[in-house]
Amino acid sequence: MCLEIGTVESCYQCTSGREWPNRNEELKSIEFSDLPKRFDVNERELHWRDRWNELGVANRDPNAPRENSFVIDSPPPTVSGSLHIGHIFSYTHQDLLARYKRMTGWNVAYPMGWDDNGLPTERRVQNYFFVRAERNVTYIENLDVEAKRAELGLKKNQELVINRENFIELCRVITEMDEIVFKDMFNRMGYSIDWSDEYTTIDAKSRRIAQRSFLDLHEKGHVYQLESPTMWDVDFQTAVAQAEVEDREKGGAYHDIEFGVFEEEAPVKSFVISTTRPELLAACVGITAHPDDERFKGLFGKHAVTPGFFAKVPIFPSSEADPEKGTGILMVCTFGDQTDVAWWHEQGLELRQILGRNGRILDHKFGEDGWESQNPEKANENYQEMVGKRIPSAKSIMVDLMRDPENSATGNGAPLQDEPKQIQHPVRYFEKGDNPLEYLTTRQWFVKLLDKTDQMIDMGRKIDWHPDFMRKRFENWTENLNVDWCISRQRYFGVPIPVWYPLDEQLEPQYDQAIIATADMLPVDPESTAAPGYSEHQRGVAGGFSGEPDIFDTWFTSSLSPQTVARWGDDDDQMDTLFPMDVRPQGHDIIRTWAFYTIAKSMLHHETVPWRNINLSGWVLDPDRKKMSKSKGNVVTPVDTLDRFGADAVRYWSASFKLGSDAAHDEAIFKIGGKLVTKLYNAGKFVLAQTAEDGPITNELDLAFVAELKEVVRIATESFEKFEYSVALQETEKFFWGAFADNYIELLKRRSRSEDDPEGRASAVATLRLGLNVVLRLFAPIVPTIADEVWSWVFAEETGEPSVHKAAWPTVAELDAIPSPEIAGSFSAACDAISAIRKAKSESGVSLNRELLSLVLEADDEGESGLRLVLDDVAAAGGAEAISFVSGTPSGDWRYKAQIEPAEAPEKK
RNA sequence: GGGCGGUUAGCUCAGUUGGCUAGAGCGCGUCGUUGACAUCGACGAGGUCACAGGUUCAAGUCCUGUACCGCCCA
């Protein structure tokens with residue numbers, strides 16, 4: 001029994017068993033008494049998601065020509081872990097656009113991909129299954145991780161080591177699980193994604209197109225391989241690209257260390273360098289200072305002797321050396337940073353690579369070729385202490401060695417001068433890494449971009465950026481590029497680089513004779529398919545071949561999202577229909593990666609922009625205005641928010657922020673969205689319950705209302721066209737809540753039920769319905785569930801459009817059939833007048849619906865004549881029989897002032 | 001260090017090419033409601049538009065500088 005309403009049957013909240021009137025089957029209008037008092041958001045969302053599927057709301061016509069198509073290059077989310085509210089924020093921006101464009105008659109292509117390859121997935125697999133991939137491990141058919149662990153008797157903290165193929169299989173298991181969760185969330189949000197265009201960046205189509213891209217770049221001479229120092233992450237043991245590097249402010253220390261100056265006799269002179277990386281002393285191959293630095297001018301051209309290792313290294317001038325930094329003179333190592341790499345190249349210095357790919361010090365012998373030492377015995381004794389150590393312990397060993405006077409290159413006592421000086425300085429990290437990047441000499445594949453930065457900037461200028469200032473970030477990044485794009489990664493789960501190398505008699509790969517896959521082989525895995533012209537039994541044998549073990553940078557594949565969706569090379573028709581695309585929506589944090597690489601690929605392959613527009617969504621900040629990130633632990637997952645407020649309210653929140661601006665996760669805004677949904681539900685019920693004989697819109701107030709409506713349609717349309725949906729929302733909402741619900745409906749309450757004015761009643765009801773009909777369509781992209789719900793009650797049957805999302809976007813032209821009002825400001829005059837009456841009632845503490853014995857409006861002539869044709873409605877809404885005027889002088893605060901004489905209050909029952 | 005964005009009511013934000021009296025929602029105060037809606041309605045209070053100069057008949061809006069916040073890059 002419901003205390004509020006009285007009977008079990010009539011209270012929706014009390015009875016989960018009660019069903020919503022079944023109305024859509026044959027577009028039959030409903031009985032309003034059947035509608036529950038409250039709108040159950042969660043239940044109706046489910047209904048409408050199914051219904052949209054049935055109706056194929058999101059489907060595109062694959063045969064539509066390019067000029068009728070609107071193509072969205074939607075971002076494939078990284079499927080590792082969970083979606084957070086930031087994803088929802090920006091994906092909603094795309095769907096607003098998709099739904100709007102569809103209503104304006106475009107054949108909208110809104111595909112979805114899943115970015116599943118790459119490190120995040122590998123890391124997740126490692127953590128989830130507690131496994132590690134290694135080469136030269138046997139493949140296990142139908143691997144059951146738990147069973148295998150038990151069989152091997154592995155303890156909880158021991159990783160199971162598996163074959164690369166097994167590892168890739170587990171990656172697929174994980175990503176498929178995540179994809180289902182993501183898809184459910186997107187459906188719940190009501191995203192009108194066309195799932196027939198679904199892809200994953202690891203699937204055969206993506207692999208084929210990524211490899212095709214490589215073939216094309218190779219043919220055009222845009223890729224090359226090079227053995228050279230490259231940024232390297234010692235934990236993931238892979239090369240990384242400039243775009244994946246970030247500076248982090250870290251603590252370090254300057255160590256002042258004395259070097260000797262080599263003379264034919266004994267070293268007598270000395271100087272002191274400052275370094276934050278003493279552990280690289282054994283890798284010191286040179287010394288440099290600024291050419292104008294008087295302190296060191298005499299040293300240039302001579303050689304220095306390193307302490308501890310007694311290596312003779314050249315001293316040379318370089319304008320890159322900063323006299324202000326440290327002691328002004330510094331050691332060049334292979335390799336401490338990018339400038340070391342540059343000096344090494346310029347000066348043709350020795351290569352003494354002491355750090356291995358796993359981040360541990362390699363074994364070397366001083367006194368051998370390339371490792372000359374004035375005292376090899378002592379050098380080796382010192383070096384052996386560090387072999388096999390990681391950087392931090394190598395560093396502390398080195399500091400101890402430098403405290404030992406025996407290691408001095410000059411005989412002046414301990415090389416280490418004073419205690420190390422603590423500093424804070426920026427250190428380069430792989431964005432996903434936990435240890436600083438190192439420079440290791442490895443062989444990598446690169447895409448040539450440094451020679452094309454001007455062209456890239458020109459391409460960027462052919463694209464409209466929303467907001468425009470984001471273009472600057474792209475240009476700054478492009479101008480500051482300093483290495484080509486390193487596209488090879490020494491990882492497992494990704495698209496293989498389709499290349500093989502002939503092996504010579506010593507089984508050495510001949511890298512300069514790389515064998516590139518042929519187009520008909522794609523996609524291909526060179527580790528399991530033989531090179532063209534070879535057979536599998538020649539793999540790994542003298543005179544045979546070996547497959548390239550590396551995979552592509554994950555951006556190499558995802559930067560082809562337009563080509564993948566448009567099936568480049570597989571389906572020329574789709575390529576013509578979908579490429580170049582209309583808009584790329586994305587976050588501004590990946591301008592230098594996803595946007596940059598996509599523009600680069602499109603330029604190199606097709607000499608065109610990949611899309612005409614790029615829309616940059618902001619971030620979601622927590623209530624303290626901090627960016628949400630997993631490491632900060634302030635991430636909000638959307639499920640709870642959706643359960644509480646519903647998808648429409650969350651979409652409302654997202655739609656209320658313009659592109660490029662960051663949004664606070666503010667519960668107040670979800671609440672407002674929720675209230676809007678309720679208001680639409682109630683206003684819809686009220687409006688559609690008004691009935692009358694069919695008749696034209698003739699009444700002045702109604703005509704004036706339609707004129708206002710027209711203006712809202714114009715602004716909302718214009719705003720959506722400029723991707724300024726927040727303006728469209730704001731205008732529509734202001735009109736619906738203020739003009740329509742609070743004023744127009746109130747003004748019409750009497751006339752829309754009047755028995756003695758059939759013509760006025762018909763006009764009122766027709767206008768109410770028209771207003772609601774238009775408003776629902778204006779709201780449809782933003783709050784699609786409630787808009788369709790209300791639409792379905794009557795308009796579906798009336799228009800023959802089963803869903804508001806299949807209806808046409810309202811246009812000014814459509815409303816032009818309705819005549820203009822006689823007095824342009826009739827509607828706003830009526831609103832002002834009714835406000836004045838409310839104010840008078842409010843100030844005298846009288847209820848708003850109290851009848852009035854007399855109602856006098858103070859106004860000037862203009863004000864009086866503005867109300868001339870709508871007086872009856874205003875009087876009725878005010879509760880008076882008639883209105884009389886006295887002259888007054890309006891001010892900024894008022895246009896009309898009401899003098900009222902209320903009737904007796906009705907008796908309370 | 002270079003670049004970009006921001007600073008408007010207690011809070012979150014609008015404010016279009018300079019133009020009547022700077023707006024909205026939330027919050028706050030007062031009042032009201034048995035017929036769409038208490039997830040409600042009405043009315044009200046609340047702002048030196050960060051600061052300092054300048055251009056203009058007119059500046060929140062344009063220009064210069066400063067401060068603070070945030071972001072991107074080195």
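Side chains included, hydrogens not; waters and symmetry mates left out as well; all remaining heavy atoms used. Protein chains get the first letters and strands the later ones, always in sequence-line order, with residue 1 at the start of each. Worth saying up front: this structure is predicted, and the values here are computed from it rather than measured.
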Indicate whether OP1 or OP2 belonging to B:C72 is found under 4.0 Å from a side-chain N or O atom of A:R592.
-> no
Hey, does the side chain of A:W477 come within less than 4.0 Å of B:G3's phosphate (OP1/OP2), counting only N and O?
-> no
Cation over ring, A:K749 on A:F686, under 6.0 Å and within 45°?
-> yes
Using the P atom as the reference point in each nucleotide, state the distance between B:U17 and B:G6 in Å, no decimals.
-> 13 Å
N or O in side chain of A:K841 less than 4.0 angstrom from B:C31 OP1/OP2 = no
Under 6.0 Å between ring centres, would you say that holds for A:F705 and A:F735?
-> yes
Phosphate-side-chain proximity, A:R753 and B:A36, N/O vs OP1/OP2 below 4.0 Å | yes
For atom CG of A:N849 and atom P of B:A36, their distance in whole Å | 10 Å
Spacing between A:I745 atom CD1 and B:G35 atom C1', to the nearest angstrom | 13 Å
For A:A689, report the nucleic acid contact type (base, sugar-phosphate, nothing); a contact means any heavy atom under 4.0 Å.
-> nothing
So which nucleotide from B:G25, B:A74, B:A36 ends up closest to the side chain of A:I672?
-> B:G25
Can a side chain N or O of A:S835 be found less than 4.0 Å away from OP1 or OP2 on B:C43?
-> yes
So which one's nearest nucleotide on RNA chain B is more toward 5', A:P426 or A:A668?
-> A:A668
Between B:G70 atom C1' and A:F657 atom CZ, what is the distance in whole Å?
-> 16 Å
Nearest-Å distance for atom pair CG/P, residues A:D322 and B:A74 | 18 Å
Quantified in whole Å, what is the P atom distance between nucleotide B:C4 and nucleotide B:U12?
-> 26 Å
Watson-Crick or G-U counterpart of B:A45, or none if no pair lies under 3.5 Å | none
Taking atom P in both B:A42 and B:C26, compute the distance separating them and give it to the nearest angstrom.
-> 10 Å
Nearest to the side chain of A:L848 - B:A42, B:A36, B:C13?
-> B:A42
Would you classify A:S847 as touching base, sugar-phosphate or nothing, given that sugar-phosphate means primed atoms plus P, OP1 and OP2, and contacts are heavy atoms under 4.0 Å?
-> sugar-phosphate
Tested for side-chain contact (heavy atoms from CB on, under 4.5 Å) against A:D702, the lone hit among A:V870, A:L747, A:L748, A:V765 is A:L748
Between A:Q690 and A:D589, name the one whose nearest nucleotide on RNA chain B is closer to the 5' end.
-> A:Q690
Selection from B:A74, B:C43, B:C72 that lies nearest to any side-chain heavy atom of A:S842 = B:C43
Tell which nucleotide pairs with B:C71, taking only Watson-Crick or G-U wobble pairs whose two distances are both under 3.5 angstrom.
-> B:G3
Stacked cation flag A:R473 on A:W465, 6.0 angstrom / 45 deg | no
Separation of atom CD1 in A:I669 from atom P in B:C11, rounded to whole Å | 15 Å
Presence of A:R473 side-chain N/O under 4.0 Å of B:C73 phosphate oxygens OP1/OP2 = no
Would you mind classifying the nucleic acid contact of A:E479 as base, sugar-phosphate or nothing, using non-hydrogen atoms under 4.0 angstrom?
-> nothing
Paired with A:Y652, the side chain to side chain donor-acceptor pair (under 3.5 Å) test is passed by just one of A:E733, A:K671, A:K675, namely A:E733
Ignoring backbone atoms, test whether A:K658 places a side-chain nitrogen or oxygen under 4.0 Å from the OP1 or OP2 oxygen of B:C13.
-> no
Say you pick atom C1' in B:G3 and the same atom in B:U39; how far apart are they, in whole Å?
-> 46 Å
With a 3.5 angstrom cut-off on both distances, give the Watson-Crick or G-U wobble partner of B:U21, or none if there isn't one.
-> none
State whether A:K472 places a side-chain N or O below 4.0 Å from either non-bridging phosphate oxygen (OP1 or OP2) of B:C73.
-> no
Inspect the contact between A:R751 and A:D873 and indicate whether a charged nitrogen and a carboxylate oxygen are less than 4.0 angstrom apart.
-> yes
Which of the following nucleotides, B:U39, B:A36, B:A74, is nearest to the side chain of A:E746?
-> B:A36
To the nearest angstrom, how far is A:E667 atom CD from B:C26 atom C1'?
-> 13 Å
Any salt bridge between A:E862 and A:R895, counting N to O under 4.0 Å?
-> no
In whole Å, what separates the C1' atom of B:U16 from that of B:G1?
-> 36 Å
B:C40 phosphate, OP1 or OP2, under 4.0 Å from A:K679 side-chain N/O | no
Taking a pair as Watson-Crick or G-U wobble with both distances under 3.5 Å, which nucleotide is matched to B:C51?
-> B:G65
Provide the distance between the two C1' atoms, one in B:C72 and one in B:G19, to the nearest whole Å.
-> 37 Å
Salt bridge present between A:E244 and A:K432 (N-O < 4.0 angstrom) | no
For this output row, return yes or no: ring centroids of A:Y100 and A:Y725 closer than 6.0 angstrom.
-> no
Given that both distances must come in under 3.5 Å, which nucleotide forms a Watson-Crick or G-U wobble pair with B:U16?
-> none
Residue matched to B:G10 through Watson-Crick or wobble contacts both under 3.5 angstrom | B:C26
Could one point to a donor on the side chain of A:K839 or the base of B:C43 with an acceptor on the other under 3.5 Å away?
-> no
Separation between the P atoms of B:C20 and B:U61, rounded to whole Å = 14 Å
When the P atoms of B:G5 and B:A14 are considered, how many whole Å apart are they?
-> 15 Å
Give a yes/no on whether any side-chain N or O of A:Q730 is located under 4.0 angstrom from OP1 or OP2 of B:G15.
-> no
Starting at atom CD1 of A:I837, determine the distance to atom P of B:A42, rounded to an integer number of angstrom.
-> 14 Å
Name the nucleic acid region contacted by A:W894, choosing base, sugar-phosphate or nothing; use a 4.0 angstrom heavy-atom cut-off, strictly under.
-> nothing
In whole angstrom, what separates A:M470's CE from B:C4's C1'?
-> 9 Å
